[in-house]
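For reference, the structure discussed in these notes is given below.
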Amino acid sequence: MCQLCAAKSNPWVSRRAFMLAAGAVAASPAFSEVDVGESSRLRSLVPAGELEQAAAQQYDDLLKQARAKHALAGEGNPQLRRLRAISSRLIADAPRWNARARQWNWEVNLIGSDSVNAFCMPGGKIAVFTGLIEKLHASDDELAMVVGHEMAHALREHARERIAKSQGTGALLSLGAQLFGLGQIGDVAANIGTQLLTLKFSRDDEVEADLVGLEMGARAGFNPQASISLWDKMARVSGSGGGPAFLSTHPSGVDRTRRLAENIPRVEGLYRQAMGNR
C-alpha cells in the first residue's frame, strides 16, 4: 500500500486532514478582477497556526539582529512612516484574499541594508530593506506594488504549499505525532522558521503574487502602471552588476511585464474608484 493510501485509511489522519482542508477555504479569494483561481489544497497539510508561530519567531530574531547592528529604523524614521502608511492601505484589503488576515498581528519594519529586497512572512510580518527604496528611487506607487506582491505570497499561503510539496505526500502519515520529521508539532517554530527567509516560490506562485498585488494596489489607490515601471527599474539595477537579491527569488523578464500589462485594464476601474473616494 502506498503511503498516501495508508494515510487515507487512518481514521485519525483522515479527520485531521478533513479539518485542515475545511480551514483552507479561508484562503480562497472573494470576488476579484484578476484571475488566480483557488489556492492549492496541499497547503492544508501544514497547520497555518504553527507556521505563523514559526514566522513570528524568525521575524523577531531578525529584528533583534538588525537592532543590534543599529540597522532597524526607529519609529520616527521618515521612510518607515512612509512605508507603514502605504502598507496600511494595502492591509485594509487583505481579508478579501484570506479571511485569516483579520486575526494576523501585522508588523511593518524597515531594515538598513544595501540589499534590494523585501518580504512578507506568514501571519503578516513585513520587512523592506532600504536598498530597495534607495537604489530604485521607488515612488509610493512602486513601493506599494512591491509590498502588495510580498503580502500576496502570505495571503495566498504559498509558504505552506511550498513546505508541503517539499516534504512529499508521505508526510501526511506523521501528522498525528510529528510534522515532516521535524519533531513534535509544538516544536515547529524552532525547526522550520529558518526556512521561511530562504524559501523560493514557484513561477506560478510569482504570477499569482504579481496579479494579486496589482489588484490590491489598485483597490488601495495606487497606480497599477507602477507595476511596469517597478520591474523596468529592477531590470536596470540587475543589469548594473550583481543583481538585486529580490531578483534571485523573483523571476523577471518580458513575460512578467507583458502579463502585468495585460491585466492592468482589469483593475484600472478599481484604481479610478479608489482615487475618487480619497
Side-chain angles (χ1 to χ4, degrees), residues 55-56 58-63 65-67 69 71-73 77-91 93-94 97 101 104 106-159 162 193 195-201 205-217 220 222 224 226-238 242-252 256 260:
Q58 185 67 16
Y59 188 76
D60 286 345
D61 290 346
L62 179 67
L63 296 187
Q65 294 174 31
R67 190 177 293 110
K69 296 178 180 179
L72 185 64
N77 183 289
Q79 290 285 38
L80 175 61
R81 294 173 65 180
R82 174 191 176 209
L83 175 63
R84 286 180 173 173
I86 291 169
S87 300
S88 66
R89 288 163 59 181
L90 297 168
I91 291 169
D93 189 55
W97 298 95
W104 288 355
W106 290 89
E107 295 185 57
V108 182
N109 282 285
L110 179 66
I111 297 175
S113 169
D114 287 338
S115 178
V116 180
N117 213 346
F119 64 81
C120 179
M121 299 177 80
K125 308 302 184 184
I126 298 171
V128 174
F129 295 91
T130 55
L132 186 146
I133 299 174
E134 295 168 358
K135 290 185 178 181
L136 298 184
H137 303 287
S139 67
D140 285 2
D141 294 312
E142 290 166 344
L143 191 52
M145 294 300 151
V146 172
V147 175
H149 173 102
E150 294 305 316
M151 287 175 57
H153 279 307
L155 293 168
R156 296 289 286 175
E157 302 193 81
H158 290 156
R162 288 294 99 201
Q195 296 183 30
L196 295 172
L197 289 177
T198 58
L199 198 64
K200 291 188 177 182
F201 298 116
D205 292 340
E206 293 297 337
V207 170
E208 282 191 12
D210 276 349
L211 299 184
V212 172
L214 179 71
E215 179 165 331
M216 289 179 67
F222 294 105
S227 62
I228 304 299
S229 61
L230 166 69
W231 290 106
D232 285 345
K233 287 183 177 182
M234 284 284 191
R236 288 198 296 272
V237 171
S238 178
F246 195 81
L247 291 184
S248 69
T249 53
H250 297 71
S252 59
R256 171 169 240 149
L260 285 165

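Every heavy atom of this structure was used, including side-chain atoms; hydrogens, water molecules and symmetry mates were not.
Every side-chain contact (heavy atoms from CB on, under 4.5 Å) that Ala226 has, sequence neighbours left out, goes to Asp141, Glu142, Met145, Ser229. Scanning for side-chain hydrogen bond (donor to acceptor under 3.5 Å, both in side chains) contacts around Asp61 gives Gln57, with sequence neighbours left out.
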Could you go through Val108 and Val147, starting from their C-alpha distance and side-chain angles, then the distance that decides it, and tell me whether this counts as side chain to side chain contact (heavy atoms under 4.5 Å, CB included)?
CA-CA 10 Å; Val108 182; Val147 175; over 6 Å; no
Please lay out, stage by stage, how Thr130 and Gln79 fare under the test side chain to side chain contact (heavy atoms under 4.5 Å, CB included).
CA-CA 9 Å; Thr130 55; Gln79 290 285 38; over 6 Å; no
Is there a side chain to side chain contact (heavy atoms under 4.5 Å, CB included) between Asp114 and Lys135? Walk through the geometry before answering.
CA-CA 8 Å; Asp114 287 338; Lys135 290 185 178 181; 3.9 Å; yes
Which is it for Phe201 and Glu208 under the side chain to side chain contact (heavy atoms under 4.5 Å, CB included) test, yes or no, and what are the steps along the way?
CA-CA 11 Å; Phe201 298 116; Glu208 282 191 12; over 6 Å; no
Side-chain donor-acceptor distances from residues 119-128 under 3.5 Å, at least two apart:
from   : atom 1 : to     : atom 2 : distance (Å)
Lys125 : NZ     : Asn105 : O      : 2.8
Lys125 : NZ     : Glu107 : OE2    : 2.8

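Taking CD1 of Ile86 as the start and CZ of Phe222 as the end, the distance is 5.0 Å to the nearest 0.5 Å. Atom-to-atom distance recorded for Arg67:CZ and Leu62:CG is 10.5 Å, nearest 0.5 angstrom.
Taking all atoms of both residues into account, the shortest heavy-atom contact from Leu132 to Ala118 is CD1-CB, 4.1 Å. Scanning all heavy atoms of the two residues, the minimum distance from Ser115 to Phe129 falls at O-CB, 3.3 Å. Taking every heavy atom of both residues into account, Met216 and Leu90 meet most closely at CE-O, 3.5 Å. Closest of all the heavy-atom pairs between Leu214 and Ser227 is CD1-OG, 3.6 Å. For the pair Asn109 and Arg84, the tightest heavy-atom approach, listed with the atom from each and the gap, is OD1-NH2, 3.3 Å. The two residues Leu143 and Ala138 make their nearest non-hydrogen contact at N-CB, 4.4 Å.
In this structure, Trp106 contributes its side chain and Ala101 its backbone to a donor-acceptor pair below 3.5 Å.
The side chain to side chain donor-acceptor pair (under 3.5 Å) test with His153 singles out one residue from His149, Arg156, Glu150, and that residue is His149. Partner of Leu83 under the side-chain contact (heavy atoms from CB on, under 4.5 Å) criterion, chosen from Asp140, Leu110, Asn77: Leu110.
Side-chain contact between Trp97 and Met151 is absent, with no heavy atoms from C-beta onward closer than 4.5 Å.
When the shell of 6.0 Å around CG of Asp232 is examined, it contains more than 12 heavy atoms from other residues, nucleotides or ligands. Remark: Arg82 CZ is packed, more than 12 non-hydrogen atoms of other residues, nucleotides or ligands lying under 6.0 Å away.
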